[in-house]
Amino acid sequence: MSVLQHDKIAIVGTGLVGATCAFTLADSGLASELVLVDVNKARAEGEAMDIAHGAAFMPPVQVRSGDYEDCAGAALVILAAGVNQKEGETRLDLMNRNMAIYRQIIPILEEQCPDAVFLIVANPVDLLTHISAIMLDHLPSGRVIGSGTVLDTSRYRLLLSQHTGIDPRNIHGYILGEHGDSEFAAWTLTSVAGMDLMDFCHQCGACDRHLSDVVRNEIYQDVRDAAYDVISRKGATYYAVALAVRRIAEAILRDEKAVLTVSTHVQGYLDLPDVSLSLPCVVGKGGVERVLPVALSGEEMLLLHASANKLRAALDELNL
C-alpha cells in the first residue's frame with residue numbers, strides 16, 4: 001500500500017480543463033508534486049513540460065507526467081477525464097461513454113491512492129460524482145466529491161457585486177442543486193455584512209435598481225447560462241473552473257473546514273432522493289466532512305427537490 005503524501009496531487013485528463021487546473025495548482029504553492037495522466041501520453045507530457053518550464057517563477061513544485069502508478073500516494077485525485085458530446089448524441093449516450101471510462105480508471109486509481117480524496121470535475125459533474133461514489137462505496141462518502149456549484153456560486157457573487165458595488169468576496173450566497181439547468185439561487189441565504197441582501201439594497205441605496213423579482217431573475221438566468229455564453233464566444237470554459245478547483249484543493253490539503261458548495265451524496269437529507277448535488281458543505285482533509293442544514297424558503301425547497309428529482313430521473317435511465 002502506498003504512503004499518503006499530504007501535498008501530492010494527481011490530475012487525470014489533460015484537456016483544456018485538466019491542463020488549466022494543473023497550471024493553476026502549480027502556481028498556487030499547494031503541492032510539492034503534481035502528476036498529470038492522460039490516455040494521450042504525449043499531451044500529458046507536453047502540458048507537464050510547459051508548466052515545469054516556469055519553475056523560476058513559481059513556488060517549488062515537481063510537475064511531471066506519468067501513468068496511474070505514478071499517482072500512488074496522492075492526497076487528492078482530480079478527475080477531469082471525459083469525452084465531449086458528439087453532434088446528435090443524447091446526454092444518456094454521453095453518460096454511457098463516460099461511465100465506461102470511469103469504470104476503467106477508478107479501480108486503478110483506488111488501488112494506487114487508497115487514502116485520497118477524489119474530486120470529479122468532468123461534466124455532467126453530479127452524475128459522474130454519483131457514479132464514482134457507487135464505485136467507491138466502501139470509502140467514506142465524503143471522500144468522493146464533485147466541483148458542483150462552486151463556480152456557479154462565484155458567478156453569482158460577481159453579478160451581485162456588479163449590482164451592489166460591494167467586493168464579491170464580501171457577498172455571501174450560494175447557487176444550489178444541480179450544476180446545470182435546474183440549479184437555483186438561494187436568495188434566502190444571501191447576505192452582505194450580516195444583512196439580508198434585500199435589506200442591504202433597500203437600506204444602503206447603493207444600487208441603481210432595487211432587487212426586484214425581475215432583476216433577481218435576470219441575475220439567476222445570467223448565472224445559469226454563463227457557461228453557454230462563454231462557450232458560444234470561445235468554445236470552452238476552463239479558467240474560472242480551474243480557480244474553483246484550486247479553492248477546493250486548498251480546503252482539502254490545508255484542512256480548512258471551508259464552507260463550499262461541492263457536489264456530494266445527499267440521500268435522506270431534507271428527504272431528498274438518492275443523488276449527488278450541491279449544498280453548503282464543510283470541506284477539509286477528509287473531503288466533505290458535513291453537509292450543513294439550510295433554512296430555505298418554501299419555494300427554494302421545491303426548487304431543490306425538483307433539481308434532485310431531475311438528477312434521479314437521469315440516474316434511473318442509467319439503471320443506477
Side-chain angles (χ1 to χ4, degrees), residues 8-25 30-31 33-41 43-44 47-48 65-85 94-137 139-151 179 236-238 241-249 251-253 260 262-265 276-278 283 287-288 318 320:
K8 178 176 179 178
I9 300 174
I11 299 178
V12 180
T14 57
L16 288 170
V17 170
T20 311
C21 287
F23 171 76
T24 306
L25 288 166
L30 276 174
E33 184 177 357
L34 195 59
V35 179
L36 311 187
V37 178
D38 197 286
V39 65
N40 183 341
K41 295 182 184 299
R43 174 66 183 262
E47 296 291 359
S65 62
D67 292 313
Y68 291 110
E69 56 266 26
D70 296 296
C71 300
L76 176 62
V77 176
I78 297 169
L79 286 155
V83 295
N84 294 323
Q85 195 163 2
L94 173 66
M95 273 303 306
N96 278 319
R97 290 201 293 140
N98 278 332
M99 278 174 57
I101 293 170
Y102 276 56
R103 281 175 172 153
Q104 286 182 329
I105 65 178
I106 282 184
I108 302 170
L109 287 167
E110 182 191 10
E111 182 179 356
Q112 298 298 331
C113 313
D115 299 311
V117 173
F118 292 83
L119 172 58
I120 316 302
V121 180
N123 281 318
V125 67
D126 301 293
L127 298 179
L128 287 175
T129 299
H130 197 77
I131 290 162
S132 299
I134 290 172
M135 287 187 276
L136 296 165
D137 63 351
L139 297 181
S141 61
R143 280 177 43 201
V144 184
I145 65 179
S147 53
T149 61
V150 174
L151 172 55
H179 172 62
T237 65
Y238 39 91
V241 70
L243 289 169
V245 167
R246 186 188 73 182
R247 182 68 195 95
I248 299 167
I252 293 167
L253 295 187
L260 298 169
V262 293
S263 183
T264 190
H265 188 213
S276 295
L277 49 65
S278 291
V283 180
V288 168
L318 295 164
L320 294 171

Taking all atoms of both residues into account, what is the closest heavy-atom pair of [X] and [Y], and its distance?
X: Ala80; Y: Gly13; value: CB-O, 3.8 Å
X: Ala116; Y: Val77; value: CB-CG2, 3.9 Å
X: Leu36; Y: Ala22; value: CD2-CB, 3.6 Å
X: Val144; Y: Ala133; value: CG1-N, 3.6 Å
X: Tyr102; Y: Ala81; value: OH-O, 2.9 Å
X: Leu277; Y: Asp126; value: CA-OD1, 3.6 Å

Gap between atom [atom2] of [Y] and atom [atom1] of [X] - 0.5 Å precision:
X: Leu25; Y: Leu34; atom1: CG; atom2: CG; value: 6.0 Å
X: Ile9; Y: Cys71; atom1: CD1; atom2: SG; value: 12.0 Å
X: Ser276; Y: Ile134; atom1: OG; atom2: CD1; value: 8.0 Å
X: Leu136; Y: Ser141; atom1: CG; atom2: OG; value: 11.5 Å
X: Cys21; Y: Leu243; atom1: SG; atom2: CG; value: 9.0 Å
X: Asn98; Y: Ile101; atom1: CG; atom2: CD1; value: 5.0 Å

- request: Among residues two or more places apart or on two chains, list those pairs meeting ring pair (Phe, Tyr, Trp, His ring centres under 6.0 Å) that have a residue in residues 114-134.
  value: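 Listed by first then second residue: His130-His265.
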Can you sort out the partners of [X] under side-chain contact (heavy atoms from CB on, under 4.5 Å), two or more places apart, ordered by chain and number?
X: Ser65; result: Ala44, Glu45, Ala48
X: Ala244; result: Val150, Leu151
X: Asn123; result: Val125, His179
X: Ala75; result: Leu4, Leu253

message: Among residues at least two apart in sequence or on other chains, which ones pass side chain to side chain donor-acceptor pair (under 3.5 Å) with Asp67?
response: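 Checked Asp67 against side chain to side chain donor-acceptor pair (under 3.5 Å); matches are Lys41.
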Those residues that, when tested against Thr129, pass side chain to side chain donor-acceptor pair (under 3.5 Å) (two or more places apart):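 So Thr129 forms no side chain to side chain donor-acceptor pair (under 3.5 Å) with any residue.
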message: Looking at Thr149 and Ser278, would you say the former's side chain and the latter's main chain have a donor-acceptor pair under 3.5 Å?
response: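 No, Thr149 side chain to Ser278 backbone: no donor-acceptor pair under 3.5 Å.
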task: Under the salt bridge (charged side-chain N to carboxylate O under 4.0 Å, His left out) rule, collect the residues that match up with Arg246, sequence neighbours excluded.
output: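 Scan of Arg246 (salt bridge (charged side-chain N to carboxylate O under 4.0 Å, His left out), adjacent residues dropped) gives Glu250.
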field: Residue from Ile11, Leu79, Val245, Val262 passing side chain to side chain contact (heavy atoms under 4.5 Å, CB included) with Leu119
entry: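 Answer after filtering Ile11, Leu79, Val245, Val262: Val245.
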- request: Please say which of Ile120, Leu260, Ile252 ends up in a side chain to side chain contact (heavy atoms under 4.5 Å, CB included) with Ile145.
  value: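 With Ile145 as partner, Ile120, Leu260, Ile252 yield a single side chain to side chain contact (heavy atoms under 4.5 Å, CB included), made by Ile252.
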- prompt: For residues 8-20, which residue pairs qualify under salt bridge (Lys or Arg N to Asp or Glu O under 4.0 Å), counting only residues two or more places apart or in two chains?
  reply: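 For residues 8-20: Lys8-Glu33.
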task: Determine which pairs satisfy salt bridge (Lys or Arg N to Asp or Glu O under 4.0 Å) with at least one residue from residues 68-83, sequence neighbours left out, and list them in order.
output: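 Every pair satisfying salt bridge (Lys or Arg N to Asp or Glu O under 4.0 Å) with a residue in residues 68-83: Arg64-Asp70.
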message: side-chain contact (heavy atoms from CB on, under 4.5 Å) for Asp38 and Glu47? Distances and angles first, verdict last.
response: CA-CA 10 Å; Asp38 197 286; Glu47 296 291 359; over 6 Å; no
message: Could you check whether atom CZ of Phe23 has more than 12 heavy atoms from other residues, nucleotides or ligands sitting under 6.0 Å from it?
response: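 Incorrect, the count does not exceed 12.
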